[in-house]
Amino acid sequence: MKQGYRLIVVDKDGVLVSEFQLTEQALAAPDAFVAALKDSIEAIEEAEP
């Protein structure tokens with residue numbers, strides 16, 4: 001049985017920016033996962049010079 005998947009977000013230089021664990025529970029609530037992903041992307045964009 002698979003434990004889930006890991007989504008890793010890196011910047012253009014290959015530096016780890018964010019990491020998400022995709023479990024059955026996360027995939028069962030896609031709206032909440034997508035909202036968290038959007039928040040993370042917005043934070044990344046705000047942090048970029």
Side-chain angles (χ1 to χ4, degrees):
M1 176 186 217
K2 293 183 180 180
Q3 294 298 315
Y5 299 93
R6 191 170 293 180
L7 173 64
I8 298 173
V9 180
V10 296
D11 67 9
K12 64 184 177 200
D13 297 321
V15 177
L16 178 66
V17 174
S18 191
E19 184 175 348
F20 296 90
Q21 184 69 33
L22 299 176
T23 61
E24 277 188 40
Q25 182 178 1
L27 295 173
D31 292 341
F33 173 72
V34 170
L37 186 56
K38 284 181 180 179
D39 289 345
S40 179
I41 291 169
E42 288 172 3
I44 293 164
E45 289 174 344
E46 290 173 3
E48 290 182 348

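In this chain, residues are counted from 1 in sequence order.
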- In chain order, what residues pass the side chain to side chain contact (heavy atoms under 4.5 Å, CB included) check against D13, with sequence neighbours excluded? D11, V15
- Task: Using side chain to side chain contact (heavy atoms under 4.5 Å, CB included) as the criterion, list what pairs up with I8, not counting sequence neighbours.
- Result: R6, V10, L16, E19
- Please identify each residue that fulfils side chain to side chain contact (heavy atoms under 4.5 Å, CB included) with I41, with sequence neighbours left out. L37, E45
